[in-house]
Amino acid sequence: MSRGIFSRYFVLFFLLAKAAAQEFAQTRFICTSIPLEMEPMCSAPMQNSGPVEDIKGTILQLRETILQQKETIMNQKETIRELTAKLSRCESQSMSEPSQYNRVNTTAQTNTLKDLLQNKIDDLERQVLSRVNSLEETKILVRNDTTENRGKIENALNSLHQRISDLEKGQKNSRPTDKFQITFPLRTNYMYAKVKKSLPEMYAMTVCMWLKSNASPGVGTPFSYAVPGQANELVLIEWGNNPMEILINDKVAKLPFVINDGKWHHICVTWSTRDGVWEAYQDGMKRGNGENLAPWHPIKPGGIMVLGQEQDMLGGGFDATQAFVGEMSHFHMWDRVLTPGEVYSLANCSSKTLVGNVIAWTEANVDIYGGATKWTFEACRQIN
């Protein structure tokens, strides 16, 4: 009967200690990083880290205390085992020697041991309960503080996002529809722009644009045009350590462009299905030419024109390694071959009326996706 009482108290104490240790071990602290460029209003909530650090230190101290208590419990367990053995010997002696004196002596020793064990158990139980209560209070404080900080950060970010949206809206309403650029800051498989207008069947074409990039290796894919059954109907790409290439119906011509120096460059490529003759211009000057580029193959209509990504399937199948990284503006396309003089006038901004008759660069013609952004851009200011 005496050992049963002791066992129940010891089990209760051991379970309480184990529960407290597990409760502490499962406690985690979550920290949220704030970009350096964020406005001060966004970083203000993170300045109140002092209480959190104090709480963290208190929790660590409590954990050390519980570990010490666990060691004490193990020592007490050994003591209890020895006392239990003594009780067993006393009881066996009382059974073998039924004298009045032995019975009284054994009963007195048993009661003394019971009192000693009970006092130790009660004392340890009070200590464990006190530590558990302290941990619960600390956990509640940390949870409340974290929730409050998270709410402040979210409110600050929402305010900042609204301010940016208002600024972009005002900027868009005040600028001409063609004075803008698209920025692709990262090499991803989801950031791109899409030209709303598709192409007609073309037996000749000229495509021109302003580009700025310092990506390496390769600036990626400024544009790709895919049609059903042919993902590489018309593509401009600089991938890996290869030179920039123009693809028409999967046929390739290497272009002598060098544009990944972080400066704005004007480039144009002309092509005719007759003998597949092509010419390449950079900053108004002819840099290369050739022939036999998909000769007698007209560019097919009804496809999808994507800026910033290479299509492996109609309208998708993007590969991040082939994505364009940089800035782009004034993407125009004609269904004829421009003369060298027309190309030069576009590059030095001497022509204000020469715009693409197939694709003209206006905000209404281009939608952006995946985080690409539009900003005001004036080409002539970049070269003057």
Ignoring hydrogens and geometry, is there a side-chain-to-backbone donor-acceptor pair from [X] to [Y] under 3.5 Å?
| X | Y | value |
| --- | --- | --- |
| Asp275 | Val277 | no |
| Trp361 | Phe180 | yes |
| Thr362 | Thr177 | no |
| Asn357 | Asp335 | yes |
| Gln282 | Val258 | yes |
| Gln311 | Ser224 | yes |
| Glu279 | Leu338 | no |
| Thr206 | Arg336 | yes |
| Asn365 | Ala360 | yes |
| Glu233 | Lys300 | yes |

Mind checking whether [X] and [Y] sit in one hydrophobic cluster, side chains of I, L, V, M, F, W, Y counted as touching below 4.5 Å?
| X | Y | value |
| --- | --- | --- |
| Val306 | Val235 | no |
| Tyr344 | Leu354 | no |
| Ile267 | Ile237 | no |
| Val195 | Val269 | yes |
| Ile304 | Ile359 | no |

Nearest 0.5 Å please: distance from the [atom1] atom of [X] over to the [atom2] atom of [Y].
| X | Y | atom1 | atom2 | answer |
| --- | --- | --- | --- | --- |
| Leu255 | Trp278 | CG | CH2 | 5.5 Å |
| Leu211 | Lys263 | CG | NZ | 15.5 Å |
| His265 | Phe257 | NE2 | CZ | 11.0 Å |
| Asn189 | Glu310 | CG | CD | 12.5 Å |
| Leu346 | Met209 | CG | CE | 12.0 Å |
| Phe377 | Lys212 | CZ | NZ | 8.5 Å |

Donor + acceptor pair across side chains of Thr183, Gln181 (<3.5 Å):
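Judged by distance alone, the side chains do pair up.
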side-chain contact (heavy atoms from CB on, under 4.5 Å), that's the test. Do Leu234 and Ile248 meet it? Break it down for me. CA-CA 5 Å; Leu234 176 61; Ile248 299 178; 3.8 Å; yes
Looking at side-chain heavy atoms only, is the closest gap between [X] and [Y] below 4.5 Å?
| X | Y | answer |
| --- | --- | --- |
| Thr321 | Trp239 | yes |
| Ile259 | Ser213 | no |
| Pro295 | Lys251 | no |
| Trp210 | Glu327 | no |
| Arg287 | Tyr281 | no |

Might you point out which heavy atoms bring [X] and [Y] nearest each other, and give the distance in Å?
| X | Y | answer |
| --- | --- | --- |
| Val337 | Met205 | CG2-O, 4.4 Å |
| Ala372 | Ile182 | CB-CG2, 4.2 Å |
| Pro222 | Gly220 | CD-O, 3.4 Å |
| Trp334 | Cys208 | CZ3-SG, 3.9 Å |
| Val325 | Arg187 | CG2-CB, 3.6 Å |
| His266 | Val343 | CE1-O, 4.3 Å |

ask   = Taking the inter-plane angle between the rings of Tyr192 and Tyr369 on a 0 to 90° scale, is it parallel (under 30°), tilted (30 to 60°) or perpendicular (over 60°)?
value =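 Tyr192 vs Tyr369 ring planes: parallel.
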In sequence, state the C-alpha distance, the side-chain angles, and the governing distance for Tyr225 and Met333, and then conclude on side-chain contact (heavy atoms from CB on, under 4.5 Å).
CA-CA 12 Å; Tyr225 175 69; Met333 181 175 286; over 6 Å; no
Near Asn241 CG, under 6.0 Å, is it more than 12 heavy atoms from other residues, nucleotides or ligands?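 12 or below, so no.
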Check: Should we count NZ of Lys196 as having more than 12 external heavy atoms under 6.0 Å?
Finding: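 Buried by this count: over 12 neighbours within 6.0 Å.
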